[in-house]
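Letters A, B, ... are given to chains in the order of the sequence lines, protein chains preceding strands, and every chain is numbered from 1. Quick caveat: nothing in here was measured; it's all calculated off a predicted structure.
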Amino acid sequence: MTWAVIRALLSHWRRRPFQLVTLLLGLSLATGLWSGVQAINAEARKSYGEAADILGGGGLTELVRQDGAPILPQTFVAIRRGGWLVSPVVDGWIEADRGRVRVLGVDPFSMPAGTPAAMAIAPQDLTTMLGRNGVLMADPVTATRLTGLGERLQTGEGIAPGLLLADIEAAAELVGQVGYDRLLLDPKQPLRQTPLNEIAPELQRRAPETAEDLGRLTDSFHLNLTAFGLLSFAVGLFIVNGSVGLAFEQRRPVFRTLRALGVTARRLVWLLTLELLAIALVAGVIGIFMGYLIAAALLPDVAATLRGLYGASVDGALTLSPLWWLSGIAIACLGTALAAASGLIRVARMPLLAPAKPRAWAMATGSAMRWQLALAGHSLVVALIGFAFGELIGGFILLGGFLIAAALALPSVLAVLIVAVARLAKGPVATWFWADTRQQLPGLSLALMALLLALSANIGVGTMVASFRTTFTGWLDQRLVSDLYVTLENTADTPALMAFLETRSEAVLPIWHVDAEVLGGPAEIYGVVDHPIYSENWPLLAANPDVWEQIAVGEGALINEQLSRREGLAPGDPLLLPGGWETTVTGVYSDYGNPIGQVVIPLPVLIDRYPQADKTDFGVLVDGDTEPLKRALSEDFGLPVENLVDQAALKAFSLSIFERTFAVTGALNILTLAVAGIAILTSLLTLASMRLPQLAPVWALGITRKTLGRIELIRAVVLAGFTFVLAVPVGLGLAWVLLAIINVEAFGWRLPMHLFPRDWLWLAVLSLAAAGLASLWPARQLAKRPPADLMRVFTHER
Amino acid sequence: MLLDVRNVVKRFPGSDQPVTVLDGVSMSVAAGETVALTGESGSGKSTLLHIIGGLEPCDEGAVIFEGTDLTGLDDAGRASVRRSNISVVFQQFNLIPSLTIEQNLTFQAQLAGVQASADDLAQSLGLQGQLRKYPEELSGGQQQRVAIGRALAAAPKLVLADEPTGNLDETTGSAVFELLVAQARDRATGLLIATHSERLAGLADRRLHLSHGRLTG
Amino acid sequence: MNARALSLILVCLALPLWAQGFAGLGQTAKDYALPDPDFRFSFPGDHGPHPDFRIEWWYVTANLTAADGTPYGVQWTLFRNALNPGGAPGDQVWMGHAAVSTPEGHLYSERLARGGTEQSGVTANPFSAHIDEWMMTGPDLSEIAVTAQGHEFRYDLRMSATGPFVPQGKAGHSVKSEAGQASHYYSQPFYEVTGTLELSSGKVEVTGQAWLDREWSSQPLTDTQTGWDWVSLHFEGGDKLMGYRLRDNDGSAYTVGTWIAADGTPTPLENGELMMRPVEETRVAGRDVPTVWDISLPARDMSIRVAAVYPESWMGTRIPYWEGPVTVEGSHPGQGYLEMSGY
């Protein structure tokens, strides 16, 4: 009996294979986008985790110098002899193909047992690693980027991508440093020690660098991705909801017959649940494969972005855990359950002799719309709570609440809009067109809500990206004042370089800096010379009027926007700097793309306070072409070519990082829009078969089927157009939240919002085309509908 | 002659061979004349009306309306005839659900470019106070009155009515039928009305009986 | 030869970790200095390191007793190992082992340090050996303060020698195999000890006896020797015995030792004079280790049973071995230390 019932139920799909296809497509698209984004996030997090584990020894407290200077080997020995189990770490960077590679030097002898770095070193490698000429280790991919190291470089598994593991002596030599960057404190210390402040008062304890730190920097990026994934998933569910609802409605006569034949409602619901489960599983598997493809296609860009923006190394290759596969299937099942719940409940409660009412299904009542509007109001309240709450998570709550409210309010707003336009309509066909459009609204509203979400996300994110691009390129133009950037191999060459450049350039500007901790966070301290090019070109967000005069006399400090926002500092505020001295904030500048704080002080002050500063970088002002000077520096002065970067190259590099960052966003944008297009298509197809009673009288009164088909197409385009018009303010609201709240919370900088109406125009064309394309087929079907089908409306008992 | 139907044949695909629904039907309706078409259910009344109204093609024969053979027209031509010269009233679902009664009443007149006052129509059809309502809010009899009013408002030369009272109870049906015949006569509109009620058919100027696809009376 | 060295070396051979570092000792000693039978010790200079040799150690074991009679064992060891010949400070690797055997369990700790820094090293005069905060310092090696600590223990001991330094083997040239592998080896078995143990249960004042071994070599093992069993015993009459059994992978053994009279006069024992027979095994750290031995020396009418005080005295260090205090019963009662490796 069960088998016969199943056959009866399944026969529906055989008759309507397209419905099955849309159902599978919607579900697998939703699953695919969701799991693709999850895969990318998981891969990135795994890489952060590996890197942080191996760097921080899996969460060990560290000792660092307050001024950021290296810890001398003597200090390390003194601490060990004071009874402290500490292990030195050298942490630096070397240039490699396709960007820098992090060099991590460890002391295998004192590395706390059980730490990831200690585990990464196989016993047989230990003795070969020792010493300044010891073996260096990297993962196979990273090894291919390190071409200059020869035989010393060996590949090993379990080393984080983008990392070169070495003995401390070898690492110190590679990065050109005497001493250690930090000491790891073994969690199991011996019974008694000499107090640390007696041995090395300049050291302070610091909580371990963890995946959290890198995670925090990249959080916003991942949240962006996750939000997109979620959005796509929601949009996909609209499709599923539509298809499932239709399939249930169309099978009402079958259900009725089966019930009349003695199948209990419970059994029917069970079988339908089974059917849905099977569909969800199939769609889940397809979706996971799609997700894999999406992730694999996007991951290289994501990896490049994360490396460029945050220095976070992410493996470009995808490795997926079984958990990911399972969660993909689970989300498909969950989505189906969510989308089909109302349908199943209706089947369970269906009176035995209820007639099929497909039209009633498509037409939500006014009360449903009011209910939805109330829900929109609630979402708005939640959004405002998020806004009041502040912080990143509050920003996202604001974003989510705002979008949901907009989507929920859409049908009501569209209804009001249509009624208003209908008043202006002249002629019977126009009147009918608007009246009919208004009546069709509930049936199409899910698809239109999906479209609204996709469009406003597009406008919002597009506005953010374009605003960012405009601001960023303008800022780069101003900020990259030097024409040529030179890095010396050795600070001893400084006088020679100055002499060499004296006649060949307009000015040489040292760009010396020291990495340090400012007010408890990682920061860079730069020194600048007094040169008019700064005061002329450097865009300041806020400053004392005499900021550059003060710098000229060796006073004051400029800070970047990130530091200013993080610490609530404004011009005039005192600023405590490493080494225990204080200066005054004289200006705040924007510093896009930099995740950490920055302080700019007069160069003589930098040299005086931080003698260990890196003094190898210089900016050179050149009148005219930089090529001859580059050649001279390389051939006559003997600097390696890679130490010479001209402004154009630097700008191109910065912009390429930027473009890659948003390539992913762009791709997801398009995918979301495609999903929305499919939602419209399925909704229209769903409605098409139910619309005959509405269309037949009009046809009988002398409107040809072709005209009716054309009207249907126009209707879809008009609705899409209205939705687009409403999506513009929603999208701009979204952009504002992204720029003014999310970015500030996540990155610490605020971007001015620029509007790009031409982009919207393009998007409008795209969305109208999508709607038109989606309605083309249903319209053609209508135009070719045999008259007998239409006649049947008048003569047959429905 | 307003309408001249000549030797119309209509077959439908059957299980093994085509079923002939209309087997050489010839008939005519003069201007302003009221003709009743009676016959059993399935005798082909509806099909004949649909063919005359250009809603369905016929396999053989000609439908000459005011000297033009409608069977020779394309979809758009037939639609044009329906808009201005021939109105159709069906058994049910005549009205456009998304339009108000007022809009429904004037819809066809506006299509045909004829001035029509919804108020006057409502007055004459006994539909006062219903103009702002939607079809689903009206009873079946009222809906059919609206359909009749709409058909006549466009001032067509011929009204085709296919069992217009078939879905109504007898009292309401009679009233609607009588209204239709009276209104058609008032406006000197030709009326071809299919019904299975001999009593109602008696109200017409002339009666035709269709049996097994042939006219017998 | 000192068993500890052997144990270390043997495990080194088994572990690729040390294959090029501490080990490789069974293979070749090319370019390292080699033990010379004609060499004679010169103190205090020879208390200091001999970096031309590949391996060297300062090894102290102490049998201690608390006021309530509870027995304790203490170990303090510093190993030096050259990564390359030539004796350069940067080529040396230092390793420290410290342990306390207690009724509650065997507590131990390990330290490693690269050479060429002040993190670890030894000076002869005044004597000082250290790795990190672990120290063995004296004015000289006859009067030393020994301290070490781990996460759960600490000890501070003063050791005072009541007898002379004792050369092992033939005037300090200790032969390890028929093939002639050898080391330079002397001991100071006459320390009297007082001091404090710091355990999780609190501080314990202790007194007792200690034994120091000093040994350096470059290739003290044959490559077929698989492990060994070593004892250093203090008899109640004041005599001492050092003996060890080197096990070969063919089942045979090379058993030698030194009888040390109460006045410090050593008598070397030829291969086979001393007989060592395992009696009882203990399952510890997943291995079966003989913790009760019957040892006899017919030439001295000695027949004793040596039993571990704490059979769980396992050193789970990078190179694992068993090392702990023992009681001696039979013809010559007393106490001492047992070390076993290669199990």
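- The neighbour count for Glu137(B) CD, taken as heavy atoms of other residues, nucleotides or ligands under 6.0 Å away, is above 12.
- Contacts between residues 699-715 of chain A and chain B, defined by a heavy-atom separation under 4.5 Å, are made by Trp699(A), Ala700(A), Leu701(A), Gly702(A), Ile703(A), Thr704(A), Arg705(A).
- For CD of Gln128(B), the number of neighbouring non-hydrogen atoms (other residues, nucleotides, ligands) closer than 6.0 Å is greater than 12.
- Contact tally against chain A (heavy-atom pairs below 4.5 Å) for Gln108(B), Glu56(B), Gln103(B), Arg150(B): the top residue is Arg150(B).
- Contact annotation for Ile86(B): neither backbone nor side-chain heavy atoms come within less than 4.5 Å of a heavy atom of chain A.
- Annotation: Arg780(A), atom CZ; neighbour count of heavy atoms from other residues, nucleotides and ligands within 6.0 Å does not exceed 12.
- Neither the backbone nor the side chain of Arg78(B) comes within contact range of chain A; no heavy atom of the residue lies under 4.5 Å from a heavy atom of that chain.
- Counting heavy-atom pairs under 4.5 Å between each of Pro786(A), Ala696(A), Pro697(A) and chain B puts Pro697(A) at the top.
- Just one residue in the list Asn104(B), Leu99(B), Leu111(B) forms a side chain to side chain contact (heavy atoms under 4.5 Å, CB included) with Pro428(A), and that residue is Leu111(B).
- The minimum heavy-atom distance linking Val698(A) with Ile96(B) is given by the pair CG2-CD1, 3.6 Å.
- Heavy atoms of other residues, nucleotides or ligands lying less than 6.0 angstrom from CD of Glu66(B) number more than 12.
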